[in-house]
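Side chains are part of it too, since the values below use all heavy atoms of this structure and drop only hydrogens, waters and symmetry mates. Keep in mind that this is a model prediction, so the values were computed, not measured. So that the names make sense, note that chain A is the first sequence line, chain B the second, and so on, each numbered from 1.
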Amino acid sequence: MRLPLPPGSLAFGMTAPDEPLAYDPATVEARWRQRWAERGTNRVDLANGPRPYYNLMMFPYPSAEGLHVGNLFAFTGSDIHARFHRLQGHTVFEPLGYDAFGIHSENFALKVGKHPMELIPSNIANFRRQLDRAGLMVDWDRSVDTTDPAYYKWTQWVFLQLYQRGLAYKKAAAVNWCGSCKTVLANEQVEGGTCERCGTTVEQRFLEQWFFRISEYAPRLLKNLETLDWSETTKQAQRNWIGRSDGARVRFAVQDTPGRETVEVFTTRPDTIFGATYLVLAPEHPLVEVITKDSERGVVEAYRARAARQDLVSRKSTKEKTGQCTGAYATNPATGAAIPIWVADYVLMEYGTGAIMAVPGHDERDHEFAVTYGLPIVRVVAGEGQDASTPLDGAAYVGDGRLVASGTFDGLGVSEGKAAVTAWLAERGAAEAVTNYRLHDWCISRQRYWGPPIPIIYCDACGTVPVPESQLPVALPHVTDFKPDDSGISPLARHAEWFEVACPTCGAPARRETDVSDTFLDSAWYFLRYPSVPRDDVAFDAALTKRWLPVTTYIGGNEHAVLHLLYSRFITMVLHDLGLLDFEEPFTRFRAHGLIIREGAKMSKSKGNVVNPDEYLETWGADSFRTYLMFLGPFEEGGDFRDAGISGVRRFLDRLWASVRDCTTEGAVDPEVRHKLHATIKKVGEDIPALSYNTAIAAMMEYMNVLRKGERRCHRDEVLPVVPLVASFAPHIAEELWAMLGHATSVFDAGWPTYDPALLTSATVALVVQVSGKTRGTIQVAPDVTQEAALAAALAEPGIAKFVTGTPKKVILVPGRLLNVVV
RNA sequence: GCCGGGGUGGCGAAAUUGGCGAGACGCGAGGGACUUAAAAUCCCUUGGGGGGUGACCCCCGUGUGGGUUCGAUUCCCACCCCCGGCACCA
């Protein structure tokens, strides 16, 4: 790919010695990178700095390919926000680190035949070089690398906190197994039956796994969302994921069983219980064995075996419904009728009670099943214009309406019916109102190598023993055969010299847990670590944490709307409950940035449309590139990356440079220019905190046009305030210009220019005059002019008056804006 | 199917408690100045259509079709298309 050449540069000769100093980003940017490093400009006094502002951005996975434009877009947007707040007088902490554990790193290492422990440092070095080149205001004294034992020591510590609280537990579970990555995947890492990372079809396996009881926190995780200042899309995604649904648990007595068993179902439609014509148990439901009639046992067992073989995902995505009758019957507690109990895989064991009451009249899935197996379908809800006898016409009726064929509940609306039926059943001990959440526990086990070992030891005598905190970290050993195999067991399990340890409790020979933890655990607490990085005796320093957290503003991609952000909230809540944090929500304000696309498609290696920022940074300079990325479109919407527009931004910086270089202290400031200047200061100061970067840049460009109109030479006071305005976007040139204007200290310590509101309003305003809705001219009037006076002034204009024929029927005045004369 | 976010010039986009002649700002395009020439720079024009020698004038335009209003990109109803997320969760 060929880049367009920036104006006045490179190929077309050097500036002649007698010509005025031209803007050369390469020189300017190198100079300020060096000065910032020497002066420690980006170093933060966390203990004493006034008005702390914790500006967080999502830390990257340091890939071998280096930073891509999407990363840079996000980081730049966050950096601008941070720099702006610094100019506003805050002490801004802007840390950045590396999320370097996980399957990405490991798979890449396997592919190129190198060890991740060797790969990561060079990847990080390359990232660091690019990030510095981009001019981020990062305090590198407090960075994290999740693969550093000094960091994952505390990740393991976090695990132990949960373990001790009973929030970490082990269970055998049917899991999603990716045969290509050779690992277990969380449900959320499965997309449409295939592995999110490699696209391989996922199969079902049973493995012993560690889980975190996040489901216990579902109500709080949901409720607290109301208090958070987050992008609405992100909050909505979390609400959907947590999946609250209100309903009832209802018990159906099984007929003719010695143990007087009951089937407990969860339903959101207790109002339709009179239409429940059969029950369905999930194939894994423990009652199946108990209640199945001997005559049906063979077919039911065969059906269950088939379901167990099928992978979780294809089972969920299969359209046609299958099932088997158990031969058993239950009593509908509302009607007293005997209804058959079936087994079918469209009912999931992991949700609700693993059993449902089927109401084929008013549930599409039940309807489909009932049609397939010839089960009775009864109408118990009638919509408008319908009654009990209206046929169901080939489909379930799921709309609102009145209850029918429901005994004393006939005539009630659906929502009153739900409450009334639940109360009635509850009185008879057959039901209670319950709330269910779709959120399931977080599986953190990974049968892989590249992660922090889970700090657990198994002892024949003592059972499961947590590694004592004093023995952390459990270091990940450097092994050469880290490739996972098909056994479902971690590569660490092949290293007896590592996993064989003495039990910390009794000293007997014991073995370590050989699974490592999920990368999402590494990133679920990293923001707590940044301020406390120098401390190796605690995960986070109490005083610094109190001073700096929760995070003031977090900016990141919405691809982490659910997992990372939810897990971080959960871990924070748990640490709060343990008395280790005095807040329970980690991110006060979260904003999701948009996605940078190219030629209408998401950038990806497979599409070959990935843009490497290095060449742009070299050719145009970091300042132009940063500003250009923000000028593409609204930050929260992203945009289409094309290199065509970058020259406009560069020209803007060239003009700014020339204006400062050539400005004069003679004469006075032009009043019109001053008016525009103050309006610009106001607009930029309002747009940046709202992340309206594109319009802030446009406003500054507009001001430059006014400033330089007709090739006028501008006054120093006209151009000086622009330097801090532009500094957040183009920090290097701003520093250089600030120095050219005679300042010895950083522009970022100079403060934000103030505007004078009095200069924004003028004695008269232009009022648009419409006649019958058509604009016919403007008049200059005082801002608070009366309607009569405005009308008189308008009629005094011949160009307007000629359209006013006869007496005005109606006159509308919008103060300061327009006058409409209706004739 | 459900839940979000969007459809505005050749392109990226501005402007929505309804109101300052829709399209700021930038790209691209056209014309001009400067130059031996080019690059760079600067100036002018640039939504579509039509009329006038000209200052200018008229009509149509914010996905589609209706509606409310003196006035709608903005509000209401119905629909179409694009992007993202969820999806047998009872």
Side-chain angles (χ1 to χ4, degrees), chain A residues 5-9 11-13 22 188 192 231-237 239-241 243 245 247 265-269 280 315-319 321 344-348 350-359 363-366 368-369 436-440 558-559 561-562 594-595 597 600 602 628 631-634 636-649 651-652 654-655 658 692 694-695 697-702 704-705 708-711 765-778 808-823:
Chain A
L5 287 164
S9 70
F12 296 99
E188 48 270 37
S231 297
E232 195 47 49
T233 55
T234 312
K235 287 209 269 190
Q236 197 52 46
R239 281 189 203 106
N240 291 344
W241 190 259
S245 63
V265 305
F266 174 73
T267 179
T268 54
R269 294 295 304 273
V280 186
R315 181 171 146 182
K316 285 189 184 184
S317 53
T318 303
K319 289 277 170 279
K321 295 199 168 22
D345 69 358
Y346 81 93
V347 172
L348 310 172
E350 65 265 27
Y351 185 76
T353 60
I356 61 156
M357 64 176 210
V359 184
D363 180 283
E364 285 165 4
R365 297 152 300 182
D366 298 342
E368 192 190 326
F369 190 81
N436 235 309
Y437 296 88
R438 209 165 354 188
L439 182 67
H440 36 61
N558 229 1
E559 66 271 22
V562 174
L595 216 62
I597 57 170
K602 198 167 164 175
Y628 168 64
F631 191 57
L632 280 180
E636 289 172 272
E637 282 167 36
D640 202 348
F641 184 91
R642 303 154 308 131
D643 47 31
I646 193 168
S647 59
V649 168
R651 267 198 278 272
F652 162 68
D654 278 330
R655 278 177 228 171
S692 289
N694 55 334
T695 54
I697 295 164
M700 291 188 285
M701 287 175 165
E702 252 185 90
M704 286 310 291
N705 291 343
R708 297 173 64 78
K709 193 171 184 183
E711 294 186 73
V765 292
L767 198 67
V768 169
V769 181
Q770 297 183 337
V771 179
S772 297
K774 274 195 191 300
T775 304
R776 297 301 184 185
T778 57
K809 265 192 230 154
K810 193 169 178 183
V811 179
I812 295 128
L813 176 73
V814 182
R817 299 204 170 213
L818 118 170
L819 180 76
N820 189 6
V821 184
V822 185
V823 294

Atom pair [atom1] ([X]) and [atom2] ([Y]), whose distance is rounded to the nearest 0.5 Å:
X: Phe652(A); Y: Met704(A); atom1: CZ; atom2: CE; result: 6.0 Å
X: Asn705(A); Y: Arg655(A); atom1: CG; atom2: CZ; result: 6.0 Å
X: Asp366(A); Y: Ile356(A); atom1: CG; atom2: CD1; result: 4.5 Å
X: Glu368(A); Y: Lys321(A); atom1: CD; atom2: NZ; result: 4.0 Å

Next item on the list: Not counting sequence neighbours, which residues clear side chain to side chain contact (heavy atoms under 4.5 Å, CB included) with Arg239(A)? List them please.
Entry: Leu222(A), Leu225(A), Glu232(A), Lys235(A), Gln236(A)

Note to self: Just to verify, what does Val649(A) make a side chain to side chain contact (heavy atoms under 4.5 Å, CB included) with, not counting sequence neighbours?
What the structure shows: Thr627(A), Tyr628(A), Phe631(A), Met701(A)

Margin query: Regarding Ile812(A), tell me which of base, sugar-phosphate or nothing describes its non-hydrogen contacts under 4.0 Å with the strands shown.
Written below: base

So which nucleotide does [N] pair with, by the Watson-Crick or G-U wobble rule with both distances under 3.5 Å?
N: C86(B); answer: G1(B)
N: U53(B); answer: none
N: A29(B); answer: U45(B)
N: U16(B); answer: none
N: G9(B); answer: none

Starting from [atom2] on [N], measure out to [atom1] on [X] and report it in whole angstrom.
X: Glu368(A); N: A87(B); atom1: CD; atom2: P; value: 19 Å
X: Lys321(A); N: A90(B); atom1: NZ; atom2: P; value: 14 Å
X: Asn820(A); N: G21(B); atom1: CG; atom2: P; value: 14 Å
X: Tyr346(A); N: A90(B); atom1: OH; atom2: C1'; value: 8 Å
X: Tyr351(A); N: C86(B); atom1: OH; atom2: P; value: 17 Å
X: Arg438(A); N: C2(B); atom1: CZ; atom2: P; value: 15 Å
X: Tyr437(A); N: A90(B); atom1: OH; atom2: P; value: 13 Å
X: Asn558(A); N: C86(B); atom1: CG; atom2: P; value: 11 Å

Check: Which residue, Gly352(A) or Gln236(A), contacts RNA chain B at a nucleotide closer to its 5' end, judged by nearest heavy atom?
Finding: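 Nearest-nucleotide comparison on RNA chain B picks Gln236(A).
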
Notebook entry, point to check: For Asn240(A) and Pro634(A), take the nucleotide of RNA chain B holding the closest heavy atom to each; which residue's nucleotide lies nearer the 5' end?
Noted result: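 Nearest-nucleotide comparison on RNA chain B picks Asn240(A).
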
Same-atom distance ([atom1]) from [N] to [M], integer angstrom:
N: A90(B); M: C77(B); atom1: P; result: 28 Å
N: A87(B); M: G48(B); atom1: P; result: 47 Å
N: G51(B); M: G1(B); atom1: P; result: 48 Å
N: A24(B); M: C82(B); atom1: P; result: 30 Å
N: G26(B); M: C83(B); atom1: C1'; result: 24 Å
N: A14(B); M: C79(B); atom1: P; result: 29 Å
N: C86(B); M: G12(B); atom1: C1'; result: 31 Å
N: A15(B); M: C25(B); atom1: C1'; result: 12 Å

Checklist line | More than 12 heavy atoms from other groups under 6.0 Å of CD on Glu364(A) | finding: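 Atom CD in Glu364(A) is not packed in, count stays at 12 or less.
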
Next item on the list: Could you tell me which non-hydrogen atom of Phe369(A) sits nearest to which non-hydrogen atom of Ala344(A), and how far apart they are?
Entry: CE1-CB, 3.7 Å

Would you tabulate the pairs of protein nitrogen or oxygen atoms and nucleotide nitrogen or oxygen atoms of nucleotides 23-27 of chain B closer than 3.5 angstrom?
| unit_1 | atom_1 | unit_2 | atom_2 | d |
| --- | --- | --- | --- | --- |
| A24(B) | O2' | Glu702(A) | OE2 | 3.2 |
| G26(B) | OP1 | Asn705(A) | ND2 | 3.2 |
| C27(B) | OP1 | Arg651(A) | NE | 3.1 |
| C27(B) | OP1 | Arg651(A) | NH2 | 2.7 |

Protein and nucleotides 5-8 of chain B: nitrogen or oxygen contacts under 3.5 angstrom:
none

Item checked: No-hydrogen, no-angle side-chain donor-acceptor test under 3.5 Å, Ser231(A) and Asn558(A) -> no

Next item on the list: Applying salt bridge (Lys or Arg N to Asp or Glu O under 4.0 Å), name anything that partners Arg708(A), two or more places apart in sequence or on another chain.
Entry: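 Salt bridge (Lys or Arg N to Asp or Glu O under 4.0 Å) list for Arg708(A), sorted by chain: empty.
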
Next item on the list: Just label G65(B) as syn or anti from its O4'-C1'-N9-C4 or O4'-C1'-N1-C2 angle, using within 90° of 0 for syn.
Entry: anti

Next item on the list: Would you please name every residue forming a side chain to side chain donor-acceptor pair (under 3.5 Å) with Asn436(A), sequence neighbours left out?
Entry: none

